[in-house]
Amino acid sequence: MDAYISAAMPSAAKAIVLLSGGLDSSTILAMAKNQGFDLYAMSFAYGQRQDVELKAAKTIAEHFGVKEHRLVEINLRAFGGSALTDDIEVPKDRDESAMGEGIPLTYVPARNTIFLSYALAWAEVLEVKDIFIGVNAVDYSGYPDCRPEFIEAFAKMANLATKLGTQNQEHIQIHAPLIDLSKAEIIQAGKSLGVDYSLTHSCYDPIDGLACGHCDACILRRQGFEAAKIDDPTLYANKG
């Protein structure tokens, strides 16, 4: 897994990491730390149907010793349009072919654009040129804002629209190190960097704080651990 481990950066370098509390974002936090960055984590209470992931994000941020962890409150429930922010049932027990068709109901309109914009604003204040996001275009995610084209376009916009991007020789970089990895590869990379996946939460529709075991996120997570041949530490309310 050395392909996913980068050489150390100078200790003074800072990075903002978007941290949801899930498997992917926890892995990129570990990757950024391994590269020698001082870590500044940003999480969002955006009106999602549960806050278990925010508790996980806090725990993970403390575990990795981030310099600062910001929780930003915004209300995407005001717009709805997603099973995560509206009265729409979370899809359950879908097979891979169903997950690979179209954009899933769990897509939150413009979420990653909004999250990255907040990170960009904080980056200007901190004079940070490196922003990490755990988007992944593999494993049937189907989200339009998880594609390489989106990350490239946002990075270009960031350097055109900010003081930091226009008045410095070094450009703002949006790092998406997981974008072409399978879930198994992500898990293997994280384990090599000491990520404790028992602290993370991925479920879209938890039951009393436990993973439901039936939503797309739970299915892909479980399949990832199986493919990686690593024990799944997730506590499921019902795996049947």
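Everything quoted here is computed from the prediction, not taken from an experiment.
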**Study point:** Sequence-distant partners of Lys191, salt bridge (charged side-chain N to carboxylate O under 4.0 Å, His left out), two or more places apart
**Key:** none

Point to revise | Of all pairs that satisfy salt bridge (Lys or Arg N to Asp or Glu O under 4.0 Å), the ones with a partner from residues 193-207, not counting sequence neighbours | key: Arg49-Asp205, Lys92-Asp205

**Study point:** ring pair (Phe, Tyr, Trp, His ring centres under 6.0 Å) against Phe154, all qualifying residues, sequence neighbours excluded
**Key:** none

Exercise for review: Treat each ILVMFWY residue as a node, draw an edge where side-chain heavy atoms are under 4.5 Å apart, and state whether Phe150 and Ile103 are in one component.
Suggested key: yes

Exercise for review: Find out if a path of hydrophobic residues (ILVMFWY) with successive side-chain heavy-atom gaps under 4.5 Å connects Met42 to Leu164.
Suggested key: yes

Point to revise | Residues Arg94 and Asp216 bridged, charged N to O under 4.0 Å | key: yes

Review point. Should we say atom CG of Asp95 is surrounded by more than 12 heavy atoms from elsewhere, each under 6.0 Å from it?
Key: yes

Point to revise | side chain to side chain donor-acceptor pair (under 3.5 Å) partners of residues 150-167, not counting sequence neighbours, each pair once | key: none

Exercise for review: Could you grab the distance from atom CD1 of Ile133 to atom CG of Leu19, nearest 0.5 Å is fine?
Suggested key: 12.0 Å

Practice item. With sequence neighbours excluded, tell me which residues meet ring pair (Phe, Tyr, Trp, His ring centres under 6.0 Å) with Tyr46. Key: Phe115

Review point. Within the distance-only criterion (no hydrogens, no angle test), does the side chain of Arg222 pair as donor or acceptor with the backbone N or O of Ile219 below 3.5 angstrom?
Key: no

Point to revise | ring-ring contact (aromatic ring centres under 6.0 Å, His included) pairs, two or more places apart, involving residues 73-97 | key: none

**Study point:** side-chain contact (heavy atoms from CB on, under 4.5 Å) assessment of Leu23 paired with His201
**Key:** CA-CA 7 Å; Leu23 185 152; His201 178 86; over 6 Å; no

Check your understanding: Same hydrophobic cluster for Tyr118 and Leu71, using side-chain heavy-atom links shorter than 4.5 Å among ILVMFWY?
Key -> no

**Study point:** Non-neighbouring partners of Tyr204 that pass side-chain hydrogen bond (donor to acceptor under 3.5 Å, both in side chains), sequence neighbours left out
**Key:** Tyr143

Exercise for review: Identify, with sequence neighbours excluded, every residue that meets side-chain hydrogen bond (donor to acceptor under 3.5 Å, both in side chains) alongside Asp87.
Suggested key: none

Check your understanding: Under 4.5 Å between any side-chain heavy atoms of Ile230 and Tyr197, yes or no?
Key -> no

Exercise for review: Could you note down all residue pairs passing salt bridge (Lys or Arg N to Asp or Glu O under 4.0 Å) where residues 64-82 supplies at least one of them, sequence neighbours left out?
Suggested key: Glu68-Arg70

Revision key, fill the gap. Sorted by chain and number, sequence neighbours left out, ring pair (Phe, Tyr, Trp, His ring centres under 6.0 Å) with His69 holds for none

Practice item. Show which residues join Leu210 in its hydrophobic cluster (side-chain heavy-atom contacts under 4.5 Å, direct or indirect), or state none. Key: Leu235

Point to revise | Listed partners of Asp145 passing salt bridge (charged side-chain N to carboxylate O under 4.0 Å, His left out), at least two apart | key: none

Review point. Does any non-hydrogen side-chain atom of Ile60 lie less than 4.5 Å from one of Thr200?
Key: yes

Check your understanding: Checking Ser25 side chain against Ser20 main chain: does a donor-acceptor pair fall under 3.5 Å?
Key -> yes

Practice item. Side-chain contact test, heavy atoms from C-beta onward, threshold under 4.5 Å: evaluate it for Asn112 versus Cys146 and give yes or no. Key: yes

